[in-house]
Amino acid sequence: MKKTIRDIDWNGKRALVRCDFNVPLNDEGLITDDTRIKAALPTIQYLSEQGAKVILMSHLGRPKGEPKDEFSLAPVAVRLSDLLDMPIMFAASDDVVDEGVVDAVEKLEPGDIALLENLRFRKEEEKNDPDFSKALAGLGDVFVQEAFGTAHRAHASTAGVADYIPAVSGFLIEKEVKFLGDAVSNPERPFVAIMGGAKVSDKILVIENLLEKVDSLIIGGGMMFTFYKAMGLEIGKSILDEEHVEVAAGLIKKAEEKGVNLLLPVDTVCASEFSNDAEKKTVDREEIPADMMGMDIGPKSIELFTSAIKEAKTVVWNGPMGVFEMPSFAEGTKAVAKALAESDCVSVIGGGDSAAAVEQFGFADKVTHISTGGGASLEFLEGKTLPGIAVIQDI
């Protein structure tokens, strides 16, 4: 068990909070999706109400270690102020931490909230430079880890600061560790994992780890064609992760040896070209035309997969079933999202495209947990120790 913000008496203490405010901005510098900001609000509000002086920090985009106006966190400070209905002190320093910032933080009263400038304006951030870590840590009494999306990176603000001040988790990290951790380490069974996406190479370690734990493993998305190839099937012009055909064959064999029910699509929706308006037809997996490409799972596969989901008590899903961004090829992904929404299982969506799909199809409030970190959730599912989680103190 990791310590959380509930384990600290915050009255008068300075809470240095690593958030994930890496939000999309349009050409006018306006935030187009504030989901990540809203996700951190319960922790920020709790700390403020408990009398902490709250110092927030985050990165935004890829400024590559130098100040760039288009990556300033100023718009985030404005949005935070609107959402919290209180002033936010924005520490607008290109150095992130300097004498002016230190003075401003010292003047904070209990309950006040400040936001530092983009951490990645300093190249020392991604290098986990000890001097920069120490400078950041000097602004706080306790480090609060609330950025799961960067918890798999050992940066100054995600791991380095914990060398100088004690670390606890915020509510968001607590939830991520609970649901992802319980799903992988202590699932209620049957435990089903659904893996989608384009490349086998992106998911090899996850699949290998999950084959040790799951009762059923569903494979969909572009990588299903690499598995088809490993089974000796023709795949037409479908995407192929050629270097990993043998790996796919090995995973099929390992599933057999472990007694895991490996479910691969039995039919596929094919298209004449990679376009929403392309000619399309649905065929069994043995009959993919030489001049067409697979773009989605077919209705028989949907029935097979939804049946497995209905019987499951725990489901982890990472990666879409097809090219869901195109309405013509979104049915498979939508059907899986719908099946999870209608199930009474513990459903954990592993960030990235799967999270986007669940949001897009209107099922976000009907699943148990949507992870806020695509890369981090994948590494968690691989069984890796995440640096940003490891630094949080144990109870």
Side-chain angles (χ1 to χ4, degrees), residues 2 4-5 16-25 31-44 56-64 71 73 75-76 79-80 83 96 115-121 125-126 128 136 143-162 167-181 183-184 197 202-203 206 316-320 348-359 364 367-392:
K2 295 288 188 181
T4 76
I5 52 176
L16 182 68
V17 191
R18 179 47 158 106
C19 299
D20 183 4
F21 294 149
N22 187 26
V23 293
L25 302 172
I31 296 165
T32 56
D33 182 354
D34 62 5
T35 305
R36 286 179 172 174
I37 299 173
K38 286 178 176 173
L41 293 182
T43 288
I44 297 168
L56 308 174
M57 54 182 181
S58 176
H59 75 284
L60 175 65
R62 297 177 184 275
K64 299 185 178 173
F71 294 118
L73 281 170
V76 173
R79 188 73 188 113
L80 265 173
L83 290 167
V96 184
L115 173 64
L116 304 182
E117 185 52 283
N118 191 338
L119 293 158
R120 291 188 184 171
F121 279 7
E125 157 67 356
E126 293 185 81
N128 196 8
L136 289 170
F143 170 52
V144 179
Q145 175 59 280
E146 192 63 340
F148 188 69
T150 55
H152 58 314
R153 308 281 185 220
H155 292 169
S157 69
T158 60
V161 290
V168 299
S169 76
F171 295 137
L172 194 60
I173 287 281
E174 179 187 32
K175 199 177 171 197
E176 294 278 11
V177 171
K178 173 179 166 44
F179 283 110
L180 280 168
V184 175
D202 292 343
K203 305 278 169 78
V206 181
V316 171
W317 178 24
N318 190 293
V348 180
I349 315 299
D353 286 341
S354 329
V358 171
E359 296 275 359
V367 295
T368 311
H369 178 65
I370 300 175
S371 178
T372 55
S377 66
L378 269 182
E379 291 199 14
F380 205 104
L381 293 174
E382 284 174 23
K384 287 184 178 175
T385 299
L386 307 188
I389 304 296
V391 297
I392 300 170

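Side chains included, hydrogens not; waters and symmetry mates left out as well; all remaining heavy atoms used.
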Whether [X] side chain and [Y] backbone form a donor-acceptor pair below 3.5 Å:
| X | Y | answer |
| --- | --- | --- |
| T158 | R153 | yes |
| N22 | L60 | no |
| D33 | P24 | no |
| E126 | H155 | no |
| N318 | G350 | yes |
| S354 | G319 | yes |
| T372 | G149 | no |

Exercise. Hey, mind stepping through E125 and R18 against salt bridge (Lys or Arg N to Asp or Glu O under 4.0 Å) and telling me if it holds?
Worked result: CA-CA 12 Å; E125 157 67 356; R18 179 47 158 106; 3.7 Å; yes

For residues [X] and [Y], determine if any side-chain heavy atom of one lies less than 4.5 Å from a side-chain heavy atom of the other.
| X | Y | result |
| --- | --- | --- |
| I370 | E359 | yes |
| W317 | V367 | no |
| F148 | D20 | no |
| V76 | S58 | no |
| T32 | L25 | no |
| L136 | L119 | yes |

What closest approach, in Å, do [X] and [Y] show between heavy atoms, and which atom pair accounts for it?
| X | Y | answer |
| --- | --- | --- |
| L56 | C19 | CD2-SG, 4.0 Å |
| P63 | N118 | CG-ND2, 3.8 Å |
| I392 | K2 | O-NZ, 3.0 Å |
| F143 | A162 | CD2-CB, 4.3 Å |
| G160 | N128 | CA-OD1, 3.3 Å |
| A390 | T385 | CB-CG2, 3.7 Å |

Give, for atom [atom1] of [X] and atom [atom2] of [Y], the distance between the pair rounded to the nearest 0.5 Å.
| X | Y | atom1 | atom2 | result |
| --- | --- | --- | --- | --- |
| F21 | L73 | CZ | CG | 8.0 Å |
| L115 | L80 | CG | CG | 6.5 Å |
| L172 | E174 | CG | CD | 10.0 Å |
| L16 | Q145 | CG | CD | 10.5 Å |
| E146 | M57 | CD | CE | 12.0 Å |
| L180 | H369 | CG | NE2 | 5.5 Å |

For this session: Evaluate the criterion side-chain contact (heavy atoms from CB on, under 4.5 Å) for residue pair I37 and I31; output intermediate values, then yes/no.
Result: CA-CA 10 Å; I37 299 173; I31 296 165; 3.9 Å; yes

